[in-house]
Structures are given as C-alpha cells and as structure tokens.
Amino acid sequence: MSERPCVLHAENISMQFGGVLAVHDLTMDVYEHEVVALIGPNGAGKTTAFNAITGVYEPTNGAVWFCGEKIIENHPQGKMKKLYAGGHNGEYRHVIAKTPDRLTKLGMARTFQNIRLFKSMTVFDNVLTAKHLRRTSNLFTAALRLNYKEEARQRKETLELLELVGLADVKDELATSLPYGKQRKLEIARALATNPKLLLLDEPAAGMNPQETVELSEFIVEIRKKFDLTILLIEHHMNLVMDISDRIYVIDFGKEIAAGTPAEIQSNQRVIDAYLGVADDE
Amino acid sequence: MKETFWEKNKRAICNLALVLVLLAAVIAIDLLAPTTSMWFSVLRKVFTFALAAVSMNLLNGFTGLFSLGQAGFMLLGAYTYAIFTIPVELRASVFRNYGASLIQFQMPIVPALLCAGIVAAVFAFLIGLPVLRLKSDYLAIATLGFAEIVRGLVQLQNFGPLTNGPDPINKFTAPEHIWIYALIAGTCILLIILIVNSTYGRAFKAIRDDEIAAEAMGINLASHKQLSFITSSFFCGIAGAMLAMCNSSVSSVSFTTSMTYQILLVVVIGGIGSISGSMIAAFIYYASSEWWLKFLDLETYTAAGARVPLLGPGFRMVVFSVLIMIVVLFFRTGIMGTREISVYDFFAKLFSKKGGAAK
C-alpha cells in the first residue's frame, strides 16, 4: 500500500474551539486510488477533521500535504497559546492557509453533508459552473465571447459528464427539483467537473434509504474507476463503508482509536466498544 | 447549417428584432413628436435609470451583494462627465467662484462617458477592498455611507477648482436626441447581458446561490465579488453621466440616498435577477411618476366648477405609493421574477394556443 504515492497526508491535526478539543492529534494518509473512510460515533469530530483538512477551518495545530505540496500548516496563536491542550506544540512554525477555492484548483473537490447545489440553476448549469475554475478567459474575453471555443468545449465536457453519471435526461431541470438521490449524484458530478485527483465526500449517503445507499456505493466504485480517483469519505452507513473502503480510520472524541482494513476494524475491540457496540441498527 | 444557426439563436434573434423595433420607435418619436412632448424628458430618464437599475441588478440580483452605493457612483460618473465636457471657453464662467477650472481641455462625449465609468470603477475598487468582506445588511450600510461621504466631499470648498464646490456645474455638452440616450443605455445593457450569460455570470450566480459551495467549486469569492462590484459601478458611473445629460446641470445635492432607493424600487418591481424586468419597471416607474400621474398634483375643477376632492400638490405620491404596494403585493417576485422576456417564446405560446383552439 505504501509504495503508492501519498495523495493526502495530514499530520498531527488538532482543532480546538475555546476549551473544547474537537480533533486531537489526528494523523492520516490517503494513497493514490484508495478509498479511505473516516468513521466515528456522533460528535466524534469527523466533520471538523474534514473541514480542517479541506481548508474550511484553519486547524489549531498541525499540517496537511496534498500530492507532496504543503497546503495547510498552523500553530496555536494568541489566546490559544495558553489554552492549547493538544500535543506536538511548537513543532509547526509557519502559517499556511489556502482557501477552499485554491485547494479545489489543486485538485481536491468535495461534497457537503447537507446538499449545497446552486438552487436557481439547472442541472447542466450547476456542473458547467464548476468548470469556471479551469478557465483561461477574463471578464472582457468572456463578455465579448472571444472564449467561444473554450465555452463550447466546457459545454461538451459537461454533457459527457452528465451522460456518464446518468443525469443527461434531466439536464434542463432545476437542480432543486430533482429527487434526493439524484441531487446527491449531481453534487458528486459537480465536484467531478473540477477535474479532481482527490474526491472528498461528507456523508454522501446521509438520509438515503438502503436501496439508494446500495446504488450510491456502486456509483462511487464506478466513478473511482472511470476518473482514476482517490476518495476520502465520512459515512455513517456501515454497509457502504465496509463495502467500498480499502482502509478505515476510526475516531472517537477527536482521537484516532483504530486504523486498518474493514476486516480489521470490524474485529477491533476498541471500535466495537466505542461505536459498533452501542449502535443497534447498523 | 442555416437551420441549426436559427435553432440555436432563435430567441436572441427575436429579441434583437424587438430591440430594433423599439429603437425605431424611439427615433420616430424623436423626429415626429412635438418638442413640448413629455416623451422627451420621460424617455431620457427611463433610459438613464434603466441602465442604473440593470447595473444594480448585476450586483444585487445576480451576485447577491446588497449594496446601496448607487447614488455615490452615479455622482462620480456625473461629475466626471460634466467636468470633462465643458467647452474650454465657458469654463471660467462655470467656475467663477474658484478662479479657474483645474482642467483645461474638453473631451468628446464617448471618451467622457468611458472616463465617467472608469472613475466610478476605480472608486469601487478602492471601496470594495475593505467593504466587500461584509455581508448583506452590513454591506448595504457601508456602501450607503460611502455614497453620503462622496456627496459631502465634492461639496467641499477645497475641491472647488475641480468640482465647483457646492455650486452646480452646467454648460457642459449634452446630446439632444433621445436615440443617443437609447444607444448608450442599450450598449451598456447589452454588455451586462453578455457578462451575465458568460462563465463569469454563472460564477456570480453561484456566489449568490451558495457562497460555501461556490468557493468549494474553486470560485475565488473575494476576486469575483470585487469584479462584480467594479463592473456594476462602472455602468452606474455611465448612468450617472447620462443623468447629468438629462438634467444639463449637475449638483451633488440631487444624488441623495432616496435616488438609490428609487433604483432599488425599480429593481424590486421589475424582479430581482431579471434584466428585462428592470428595464420594463424603469419605464413604468418613471413614465407614471413623471407623466401619467402628474394630473393628480393639479387642482382640478369639474365642469360645474366644483373642486375635485383630494387632487392637489403631493397627492400624486400618495397614489403612486399605493400603486407600488399593490404591485409588490400581487407580484411577489416583481413583474418578471427571475425570468427574461423572450419574444420567440411569447409568439410560440400564442400560436400554439390558437392552434389548440382551432382543433
């Protein structure tokens, strides 16, 4: 596994809000073409960790590398210097905080736990808008339609992408008028339109019934193959996680309690204690 | 090949036809109407405020930035245009209280208009740097403050040689023909339409719909907001220059906050996010407030000599306000909502209905 190049390397990520240490010295690696899942009981800090890695939050301490490039680094500052309760204090000296749009340009695309589509736009325009970041035009050339070749190419690619994910038949419908499962698919398609290397999925199966969940896991496996993707996902549906993940990180109270293959995690006593032992339906 | 071209562009072609018909109508009015006709003053104002409303719509309706700085940018545009187009020989008489004008050259209309837009855009760039970090109401208050500051600044005695202080600027070049106004406003609105339908327009709409998602899709929020703010202010500056032409006198006291509210009202009545809506609303608003409802302000007597009750100075605004309330109540999203006029779709619907009835 480790011979493959490392796509995402997060090191000693800590995220502290006031006195609450939401994420505590989390270290994780995602290698090329892997599907890695981040799981944990409710309130374990999964989404916070996710947001700290994707630039939505600045982590209190720690650093993140993406394809060998350092994209995030921070250390406790100001009041946090005294308050900071995590480890590895003083190891990180620089502050690097790339905004989400720059990370997306580098090749990290994400979806959201609560679907965030562009409400007033059609399915087609939602995906086409995600092509904006690879533009070569400026406001003048775009307004005067001097970029018509690029525009035509973007439209063609968008159509192809929609056909690939099976949304071509609803392309002129308003994004919000789609059924829930298709909105999820559209959000993933929109993320794919940015040509990512790493796709980050925040609870993609949230609110889905078992049938939709099965379809989703098939869909994720399919796009991973077609687009040569590396995937990091947060998920509650254990069936989905165990089906598609190569490796799993389990966190509880912000700390990593286990890491390994689905089989290892399923038999790990700490995980069972923390999570699976108390969950009755999964 | 020919058919696919028609299929692709049929809506644009039909709308272009409508625009040409309207332009022909404007030229006809210009040539045929008696010089005392209300059409002249009303249409000038309509074109000016249609452009102002559309440029405000670009920012408020399409990018979702609630800014109320329009009067300030229009003032900058108006002053720039007026100062640059006073004939050199008349400058001494205009700036008589301040010795001489700082600027001793005269520009033709088109470069002066561009300068008006550029000055407004440069100020927008400077103001935008700190102000665009704010959201919704706070942004509105900050831009409103900017407009008031600009209005106060140009009145300062120290700026007298440049802005003529609190005294109005007049004697600058102003075109007579209304089709010139139509052409300026039309060109600018066309450019805004092209921007809105370009990849940048989509990015603006994405920011309006969901900032977090837009940023996650690689759209740089700061630079795109700034771009939208500058573009909108550029056209606002040109609208200001057009207002200077209409009034043939520029005075900072006329660029009040209430003017911004008028433009906002036009945008809301027309539909936030609809360019054709803004244009239609501008026409309805200014035609009725300046012309069709004027009779309400006059004391009127019936044939028998009795005075018609209520009619008199100030009553026009009462009726007008009631009308606006009715419009807002019955058209919750404005006249057009977020739709645009499509002549093709209108006729297609009309004929398909008739066809259906014939069967």
Side-chain angles (χ1 to χ4, degrees), chain A residues 51 54-56 99-112 114-122 124-148 150-151 154-155 158 174-176 187 190-196 200 202, chain B residues 4 8-9 12 58 61-64 121 125 133 187-235 271-274 333 337-340:
Chain A
N51 282 339
T54 51
V56 176
T99 47
D101 61 284
R102 299 199 39 204
L103 297 184
T104 309
K105 237 173 229 174
L106 286 174
M108 278 167 82
R110 67 168 294 179
T111 65
F112 296 89
N114 40 349
I115 297 177
R116 286 178 175 276
L117 292 169
F118 302 131
K119 295 177 197 72
S120 69
M121 296 190 201
T122 61
F124 185 79
D125 279 354
N126 258 279
V127 177
L128 189 56
T129 303
K131 296 256 173 214
H132 181 67
L133 85 165
R134 307 276 179 223
R135 71 191 179 276
T136 54
S137 57
N138 60 37
L139 188 67
F140 293 101
T141 56
L144 300 176
R145 299 291 186 270
L146 300 174
N147 65 337
Y148 65 97
E150 187 180 62
E151 178 88 12
Q154 286 180 348
R155 283 177 185 274
T158 302
L174 221 51
T176 42
E187 217 193 10
R190 191 181 62 177
L192 290 176
T194 64
N195 296 341
L200 302 140
D202 190 353
Chain B
T4 53
K8 254 187 192 169
N9 299 301
L58 174 67
F62 288 99
T63 322
F125 170 73
R133 293 158 189 269
T187 312
C188 293
I189 290 172
L190 178 70
L191 282 173
I192 295 177
I193 292 172
L194 286 172
I195 290 172
V196 164
N197 291 324
S198 75
T199 177
Y200 283 86
R202 287 193 294 270
F204 292 160
K205 286 181 216 161
I207 293 173
R208 170 191 68 186
D209 283 356
D210 195 324
E211 265 189 24
I212 296 172
E215 196 176 26
M217 289 304 115
I219 295 167
N220 187 316
L221 294 184
S223 73
H224 279 83
K225 283 180 179 180
Q226 184 74 284
L227 200 61
S228 170
F229 193 54
I230 292 172
T231 315
S232 164
S233 303
F234 175 83
F235 291 113
I272 298 172
S274 168
T333 54
T338 54
R339 288 162 297 150
E340 297 293 350

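So you know, we letter chains A, B, ... as the sequences are listed, proteins then strands, and number each from 1. All values reported here derive from a predicted model rather than from experimental measurement.
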>> Could you report the tightest heavy-atom contact between B:Ala213 and A:Phe118, atom names first, then the distance?
In response: CB-CE2, 3.8 Å
> What residues, two or more places apart in sequence or in another chain, satisfy ring-ring contact (aromatic ring centres under 6.0 Å, His included) together with B:Tyr200?
Replying inline: A:His132, B:His224
> So how far is it from A:Lys131 NZ to B:Met217 CE, rounded to the nearest 0.5 Å?
Replying inline: 12.0 Å
>> I need the A:Phe140 CZ to B:Leu194 CG distance, nearest 0.5 Å.
In response: 13.0 Å
>> Does A:Arg134, at its CZ atom, have more than 12 non-hydrogen atoms belonging to other residues, nucleotides or ligands within less than 6.0 Å?
In response: yes
> Can you tell which of B:Ile212, B:Leu227, B:Ile195 has the highest number of heavy-atom pairs within less than 4.5 Å of chain A?
Replying inline: B:Ile212
> Where on A:Gln154 is there a heavy atom nearer than 4.5 Å to chain B: the side chain, the backbone, both, or neither?
Replying inline: side chain
> When heavy-atom pairs shorter than 4.5 Å are enumerated against chain A, which of B:Gly218, B:Ala214, B:Ala203, B:Gly273 gives the highest number?
Replying inline: B:Gly218
> Which one, A:Arg110, A:Lys119, A:Lys105, A:Met121, leads in non-hydrogen pairs under 4.5 Å with chain B?
Replying inline: A:Met121
>> Atom CZ of residue position A:Arg102 - does it have more than 12 heavy atoms of other residues, nucleotides or ligands inside 6.0 Å?
In response: no
> Taking side chain as C-beta onward, heavy atoms only, is A:Thr129 less than 4.5 Å from B:Ile219?
Replying inline: yes
> Is it the side chain or the backbone of A:Ser120 that comes within 4.5 Å of chain B heavy atoms, both, or neither?
Replying inline: both
> Where does A:Asn147 contact chain B at under 4.5 Å (heavy atoms): side chain, backbone, both or neither?
Replying inline: side chain
> Picking from B:Thr231, B:Asn197, B:Thr338, which has the most non-hydrogen pairs under 4.5 angstrom with chain A?
Replying inline: B:Asn197
> Heavy atoms, side chains only, cut-off 4.5 Å: are B:Thr199 and A:Ser137 in contact?
Replying inline: yes
> Among A:Asp125, A:Asn126, A:Thr99, A:Leu128, who wins on heavy-atom pairs under 4.5 Å with chain B?
Replying inline: A:Leu128
> What residue, out of A:Ala130, A:Ala191, A:Ala143, A:Gly55, has the most heavy-atom pairs lying under 4.5 Å from chain B?
Replying inline: A:Ala143
> Can you name the closest pair of heavy atoms from B:Ala216 and A:Thr104 and give their distance?
Replying inline: O-OG1, 2.7 Å
> At what distance, to the nearest 0.5 angstrom, does OG of B:Ser228 lie from CG of A:Leu139?
Replying inline: 9.5 Å
>> Check this for me: does any side-chain nitrogen of one of B:Glu215 and A:Arg116 sit under 4.0 Å from a carboxylate oxygen of the other?
In response: no
>> Show the nearest heavy-atom pair for residues B:Ser198 and A:Ala142, with the distance to one decimal.
In response: CB-O, 3.7 Å
> Rounded to the nearest 0.5 Å, how far apart are CG of B:Leu191 and CG of A:Leu144?
Replying inline: 7.0 Å
> So, does B:Asp210 use its side chain to make a donor-acceptor pair with the main chain of A:Leu117 at under 3.5 Å?
Replying inline: no
